Protein chains: 2
Amino acid sequence: MSSVPAFKRLPRAVREQQMLDAAVKVFSRRGFHAASMDEIAEDAGISKPMVYAYLGTKEELFVACLHREGTRMMQAIAGAAAPDLPADERLWRGLRAFFGFVGAYRDGWAVLYRQARGEQPFAGELATMRARLVEVVAGMLDHALRAEGREIAAIDLEVVAYALVGATESLADWLADHPDADPEKTATRMMNVAWLGAAQLLHGVTWRPPVD
Amino acid sequence: MSSVPAFKRLPRAVREQQMLDAAVKVFSRRGFHAASMDEIAEDAGISKPMVYAYLGTKEELFVACLHREGTRMMQAIAGAAAPDLPADERLWRGLRAFFGFVGAYRDGWAVLYRQARGEQPFAGELATMRARLVEVVAGMLDHALRAEGREIAAIDLEVVAYALVGATESLADWLADHPDADPEKTATRMMNVAWLGAAQLLHGVTWRPPVD
DNA sequence: GAGCATACCTACTCGTGCGTAGGGTTACGC
DNA sequence: GCGTAACCCTACGCACGAGTAGGTATGCTC
């Protein structure tokens, strides 16, 4: 019987990626709780027990999503910002990579990130990632300061870095909600806010991306 | 029978506030979905049907919480920033009021706000509030620009305002997570980032709150 | 082509928690 | 002191969705 097997059998690795794709999509659309495992399974073109067999419980599945997307993002950023460049150059490249990532994986990022903030079990996971980002930014600021022979309290540095990261995330949300917006341009705007500051901007000074 | 009525009968208005207090607390601790109506009712010292009778469904209850806390916040800010002051003064007062509010209602704010971002049904509600904030900030920037005879595209203004609001929310989160931190000091730090910008800060210029 | 692991399914169980039915009791006007 | 309206309760119904039991087919190895 069954001369034509309705649909193909695929190796585990492939199916897992399909499931993760579906999960990201559904979690992003519905939110963690409102998303049902049935819908995810259906969207992945597979039945529910397979999801449990491969990726475990709903929570574990969500964590797996967070991990994949988080790793992708970190790699995108890390790959762009070489540590031996001057601080402004590093900041610029990091921002550009970041917004590029968000633009490319709108679903993936915006929603997973937005989701994870609220739900207790995952807030920690997220906080770790953000903490790494804050540390990187704080390190850059500190480096730039020392280069000028200055120094400020570590806590102030951290808070400033926190604010910058927050502003960036906020613009990422904006970008995710405006599909027509250009990631590159958004990065430039963020660079203006971050590096020159509102006051400078008000005086008409404008930072421009280097033409390379 | 029942010479001593176990606990008092109270007028509706009072009970509603008690319920809202309890709801804010529980929603903030557990998150929207994990919070149970039973727990909220118990925490309010009342039985579940009363909650339904007065505040309606779980969603309606949450919206009511959002509304109360949101209104409180907006009033705190609006009351502080008189429209005839110079922009930097207004910004400073607004920030101070905002962080003061967050410091006072840590539970209320941080969690409701964090919660509402993720859950679809409420994201809109929240977006409206944030949009009002963004508009106010953008208006301030625009005003300041015109005073200097300059002008920039409306969309740039909006994005900058968005970034500033995002940075502020981010610091509010930070504040909510650091119970020992001083709201006033946090506001000052935010003012530095917002008004002078990172570059200015790097050159050692520091904005100080006026001593009044 | 026998044996075995892997991919895959249909069809259930069962807890959890929202929302309600139906009834009791206290205050207050008249 | 009697009706009426507001306050308040102890149960329950019921849907929804996470996770599982138990079985079928397909390819791979020797």
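The shown structure was predicted, so the numbers you read here are calculated from the model rather than taken from an experiment. Convention: sequence-line order gives letters A, B, ...; per-chain numbering from 1.
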Check: [X]/[Y] side-chain N/O donor and acceptor closer than 3.5 Å:
{"X": "B:Tyr113", "Y": "B:Glu169", "result": "yes"}
{"X": "B:Gln75", "Y": "B:Arg72", "result": "no"}
{"X": "A:Glu119", "Y": "B:His33", "result": "no"}

Rounded distance (Å) that lies between atom [atom2] of [N] and atom [atom1] of [X]:
{"X": "A:His33", "N": "D:dA15", "atom1": "NE2", "atom2": "C1'", "answer": "18 Å"}
{"X": "A:Glu39", "N": "D:dG17", "atom1": "CD", "atom2": "P", "answer": "10 Å"}
{"X": "A:Tyr54", "N": "D:dG19", "atom1": "OH", "atom2": "P", "answer": "19 Å"}
{"X": "A:Ile46", "N": "C:dT6", "atom1": "CD1", "atom2": "P", "answer": "17 Å"}
{"X": "A:Leu61", "N": "D:dG19", "atom1": "CG", "atom2": "P", "answer": "10 Å"}
{"X": "A:Arg12", "N": "D:dG27", "atom1": "CZ", "atom2": "C1'", "answer": "17 Å"}
{"X": "A:Arg15", "N": "C:dC8", "atom1": "CZ", "atom2": "P", "answer": "4 Å"}
{"X": "B:Glu60", "N": "C:dC18", "atom1": "CD", "atom2": "C1'", "answer": "13 Å"}

> Who pairs with B:Phe122 by ring-ring contact (aromatic ring centres under 6.0 Å, His included), at least two apart in sequence or on another chain?
Replying inline: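 Partners of B:Phe122 under the ring-ring contact (aromatic ring centres under 6.0 Å, His included) test: B:Phe32, B:Phe62.
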
Just to be sure I understand the rule, does [X] reach a base, reach only the sugar-phosphate, or reach nothing, if contact means heavy atoms closer than 4.0 Å?
{"X": "A:Ala34", "answer": "nothing"}
{"X": "A:Ser47", "answer": "base"}
{"X": "B:Ala41", "answer": "nothing"}

> For nucleotides 19-24 of chain C, read 5' to 3', which letter fits each nucleotide if B means a protein heavy atom sits under 4.0 Å from the base, S means only the sugar-phosphate is that close, and - means neither?
Replying inline: BBB--B

N/O donor-acceptor pairs under 3.5 Å from side chains in residues 170-177 of chain A, not counting sequence neighbours:
| unit_1 | atom_1 | unit_2 | atom_2 | d |
| --- | --- | --- | --- | --- |
| A:Ser170 | OG | B:Tyr162 | O | 3.4 |
| A:Asp173 | OD2 | B:Arg117 | NH2 | 2.2 |
| A:Asp177 | OD1 | A:Arg114 | NH2 | 3.3 |

>> Taking the minimum atom-to-atom distance to the side chain of A:Met50, which one of C:dC8, D:dG17, D:dC9 wins?
In response: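 My answer, after comparing the listed nucleotides, is C:dC8.
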
> Nearest of C:dC8, D:dC8, C:dC9 to any side-chain atom of A:Leu10?
Replying inline: C:dC8

>> The test is side-chain contact (heavy atoms from CB on, under 4.5 Å); show your working for B:Leu61 and B:Ile40 and say whether it passes.
In response: CA-CA 10 Å; B:Leu61 174 60; B:Ile40 292 171; 4.0 Å; yes

>> Keeping B:Glu39 on the side-chain end and B:Ser36 on the backbone end, is there a donor-acceptor pair under 3.5 Å?
In response: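 No; judged by distance alone, with no hydrogens or angles, the pair does not exist.
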
